[in-house]
Number of protein chains: 2
Amino acid sequence: MTLDQETPWLDRQQQRSWRAYLVGTTLLMDRLDRELREQHHLSMAEYEILVRLSEAAGNRMRMAVLADSVSHSRSRVTHTVSRMEAAGLVARDACLTDGRGVEAVLTEHGHAVLAEAAPTHVAGVRRMLVDLVDEDDFEAVGRVFDTVADALVEGNPAMDIR
Amino acid sequence: MTLDQETPWLDRQQQRSWRAYLVGTTLLMDRLDRELREQHHLSMAEYEILVRLSEAAGNRMRMAVLADSVSHSRSRVTHTVSRMEAAGLVARDACLTDGRGVEAVLTEHGHAVLAEAAPTHVAGVRRMLVDLVDEDDFEAVGRVFDTVADALVEGNPAMDIR
DNA sequence: CAGGGCTAGTTGAAGCTTTGACCATTGCCT
DNA sequence: AGGCAATGGTCAAAGCTTCAACTAGCCCTG
């Protein structure tokens, strides 16, 4: 990669965009998390896991796949799932085809909690983001972070430093 | 605000954009934070505070103003500044005009650390985001999160639930 | 089929953030 | 002036995330 003296600064517009993104993301995530906690006793991390499981075949997923799909560390998912298990939202199940594996399974209760939480969460995402902004601009956000995610996803050496 | 049954789901495209944003942001923040920590022993929160102070008149800022400018809670800024103070990056100073107030001041060392960290941090932001995406798309990101931040910034009752 | 190396997942400690209580000071209102 | 609500900042405790081992099972090679 380039040396430091070759790295151009961000121009005025880029700087503005970058800071707006930082501040906006901080406020947005904060609020969505807070709403989920207050109304449904769920963190956003827990909510995302419920969503992923509900979309998975058999409502079950290997821990590692789950971790990758939400882009959280395995350790983090282990802890989060443990808390959710204690709350009866998911269960753990040994994987039949791989003795090392563990699957997280959505319980009845987890399904019910998700069904309750989803509409209000979606409403929040709309109210604070989607319905506020131009549709094309929001698609641009999708393109930008698709690109970022692709570039940063596990094992892309092009993104390593120097 | 609208009732739940009136809230339409996100359409396919919106859903894709929303998830890309979540995943991309998670990966990006993770990496930027890691780079800053490994190369300069700074968290992103600390880095942002250094930047804000370096731009402030007299390199000093009231705690509350600082907190607002990075959109972090006051408590969080208190803790972060305490750690930075222990590391010699900033100093605390009583506010002359308001007996309740405290000002954070950038030290020589803090200035030096920022001068070292900034180029590599900017390089990271470019490498993993700015240089990867279409310029117009990135401006759209700026518009979107400007709007979000405006809507969510302290004391906008329109964004409250129901 | 034994060994080494890899992958899956967990664990506990350390670190950061949030929450809520708390105290001091200030500004407003009468 | 005197009382009282609001503001600024801090702190301790609780919660979540990260980090660095660690266990166990898989797979490849000799």
Side-chain angles (χ1 to χ4, degrees), chain A residues 22 25-27 29-38 41-49 60-87 89-105 154-155, chain B residues 22 25-27 29-38 41-49 60-87 89-105 154-155:
Chain A
L22 281 183
T25 293
T26 302
L27 291 169
M29 291 310 171
D30 228 63
R31 279 294 278 277
L32 289 173
D33 201 70
R34 189 178 311 277
E35 284 193 6
L36 235 25
R37 276 178 208 281
E38 287 174 356
H41 304 286
L42 283 177
S43 69
M44 248 189 104
E46 291 166 342
Y47 177 83
E48 284 187 79
I49 286 180
R60 57 176 57 233
M61 261 192 201
R62 286 287 294 269
M63 295 296 282
V65 177
L66 190 51
D68 285 352
S69 83
V70 294
S71 293
H72 291 167
S73 72
R74 300 197 176 183
S75 179
R76 179 173 175 181
V77 172
T78 293
H79 286 300
T80 305
V81 165
S82 297
R83 287 189 293 269
M84 294 173 77
E85 195 177 17
L89 300 170
V90 302
R92 264 185 244 250
D93 214 350
C95 178
L96 296 173
T97 64
D98 185 339
R100 298 165 301 181
V102 172
E103 291 185 326
V105 192
E154 147 97 37
Chain B
L22 282 183
T25 293
T26 303
L27 291 168
M29 291 310 170
D30 228 63
R31 278 294 278 278
L32 288 174
D33 201 70
R34 190 179 310 277
E35 282 193 8
L36 234 25
R37 277 179 209 280
E38 286 174 357
H41 304 287
L42 283 177
S43 68
M44 245 188 108
E46 291 167 342
Y47 177 84
E48 284 187 78
I49 286 179
R60 56 177 56 231
M61 262 193 199
R62 283 288 292 271
M63 295 296 282
V65 177
L66 190 49
D68 286 350
S69 83
V70 294
S71 294
H72 291 168
S73 72
R74 300 197 176 178
S75 181
R76 179 173 175 182
V77 172
T78 293
H79 286 300
T80 306
V81 165
S82 296
R83 287 188 293 268
M84 294 174 77
E85 194 177 19
L89 300 170
V90 302
R92 263 188 245 251
D93 213 350
C95 178
L96 296 174
T97 64
D98 185 339
R100 298 166 302 182
V102 172
E103 290 185 328
V105 193
E154 145 99 38

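Numbers restart at 1 for each chain; the letters A, B, ... are given by sequence-line order, proteins then strands.
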### Between CZ on residue B/R92 and CD on residue B/E85, distance to nearest 0.5 Å
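If I round to the nearest 0.5 Å, the distance is 4.5 Å.
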
### Query
How far does CD of B/E46 sit from CG of B/L89, to the nearest 0.5 angstrom?
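B/E46 CD to B/L89 CG: 7.0 Å, rounded to 0.5 Å.
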
Can you tabulate the close N/O pairs, meaning under 3.5 Å, that link protein atoms to atoms of nucleotides 5-7 of chain C?
residue	atom	partner	partner atom	Å
C/dT7	O2	A/R100	NH1	2.9

Whole-Å distance between [N] [atom2] and [X] [atom1]?
X     : N      : atom1 : atom2 : result
B/E38 : D/dC19 : CD    : C1'   : 12 Å
B/D68 : D/dT7  : CG    : C1'   : 12 Å
B/L66 : D/dG8  : CG    : C1'   : 13 Å
B/L96 : C/dT25 : CG    : P     : 15 Å
B/M61 : D/dG9  : CE    : P     : 13 Å
B/D98 : C/dG27 : CG    : P     : 6 Å

### Message
One pair to check against side-chain contact (heavy atoms from CB on, under 4.5 Å): A/M84 and A/L42. What are the steps and the verdict?
### Response
CA-CA 9 Å; A/M84 294 173 77; A/L42 283 177; 5.6 Å; no

### Residue mapping more 5' on DNA chain D - nearest nucleotide basis, A/G99 or B/E103
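Residue closer to the 5' terminus by nearest nucleotide: B/E103.
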
Salt bridge (Lys or Arg N to Asp or Glu O under 4.0 Å) partners of [X], counting only residues at least two apart:
X     : answer
B/R37 : B/D33
A/E48 : none
B/D98 : B/R62, B/R100

### Message
A/D30: which residues meet the side-chain contact (heavy atoms from CB on, under 4.5 Å) condition with it, sequence neighbours left out?
### Response
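Partners of A/D30 under the side-chain contact (heavy atoms from CB on, under 4.5 Å) test: A/R34.
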
### Query
How about A/R76 and A/V70: do any of their side-chain heavy atoms sit closer than 4.5 Å?
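Not in contact.
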
### Message
At under 4.0 Å between heavy atoms, how does the protein contact nucleotides 11-18 of chain D? Give one character per nucleotide, 5' to 3', with B, S or -.
### Response
BB---SBB

